[in-house]
Amino acid sequence: MKEDMVKLISAEGFEFVIDKKAAMVSQTIRNMLTSPGGFAETEHGEVTFPEISTTILEKICQYFYWSLQYASGKETEFHIEPELTLELMMAANYLHT
């Protein structure tokens with residue numbers, strides 16, 4: 001995997017390969033990938049989330065890219081399905097996004 005990419009793995013084992021810059025929107029992921037000490041996440045550019053479902057992790061990845069676009073001045077709406085709201089809020093809180 002390229003150095004500028006990161007693999008995020010859901011509870012079900014589904015893998016999302018996204019730009020490292022997008023993943024860095026999350027303070028938690030940023031800390032996991034940049035901490036000194038030879039952590040597996042830092043070494044391999046992979047982060048596993050045993051508590052985050054594939055559906056929620058996919059929405060989080062979409063949010064990371066949306067957030068980068070928003071920060072660069074492109075103001076668009078980010079749609080969240082009502083049935084995902086609670087689980088998404090809990091994951092966002094954990095990820096500090």
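If you read the sequence from its start, that first residue is 1, and numbering goes on from there.
More than 12 heavy-atom neighbours from other residues, nucleotides or ligands sit within 6.0 angstrom of CD on Gln69. Residue-environment remark: CZ (Phe78) exceeds the threshold of 12 foreign heavy atoms within 6.0 Å.
Here Lys20 does not pair with Glu3 in a salt bridge; the nearest charged N to carboxylate O distance is not below 4.0 Å.
Contact check for Ile52 versus Ser10: no side-chain heavy atoms found under the 4.5 Å cut-off. For the pair Asp19 and Met5, the minimum side-chain heavy-atom distance is below 4.5 Å. Taking 4.5 Å as the limit, some side-chain heavy atom of Met24 sits within range of a side-chain heavy atom of Leu33. Counting only heavy atoms from C-beta outward, the side chains of Phe64 and Ile29 approach each other to under 4.5 Å. At a threshold of 4.5 Å between non-hydrogen side-chain atoms, the residues Thr55 and Leu84 count as touching.
Annotation for Ala22 and Leu68: closest pair CA-CD1, 3.5 Å, computed over non-hydrogen atoms. In terms of heavy-atom proximity, Lys59 sits nearest to His79 at NZ-O, 2.6 Å. Shown here for Phe16 and Cys61, the closest heavy-atom pair between the two residues is CB-SG, 3.9 Å. Between Tyr70 and Glu75, the shortest heavy-atom contact is CE1-CG, 3.7 Å. Between Phe14 and Thr54, the closest heavy-atom pair is CB-OG1, 3.5 Å. When all heavy atoms of Ile80 and Leu88 are compared, the pair lying nearest together is CG2-CD2, 3.7 Å.
Atom CZ of Arg30 and atom CG of Leu95 lie 12.5 Å apart (nearest 0.5 Å).
Cluster membership for Phe49 and Ile9, using ILVMFWY side-chain heavy atoms within less than 4.5 angstrom, is not shared. Both Ile60 and Tyr94 belong to a common hydrophobic cluster when Ile, Leu, Val, Met, Phe, Trp and Tyr are linked at side-chain heavy-atom distances under 4.5 angstrom.
For an aromatic pair to be called close, the ring centres must be under 6.0 Å apart, and Tyr63 with Tyr65 fails this.
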Test side-chain hydrogen bond (donor to acceptor under 3.5 Å, both in side chains) applied to Ser53 and Glu12, step by step: CA-CA 7 Å; Ser53 72; Glu12 297 87 0; 4.9 Å; no

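Thr85 contributes a side-chain N or O that, together with a main-chain N or O of Pro82, makes up a donor-acceptor pair within less than 3.5 Å.
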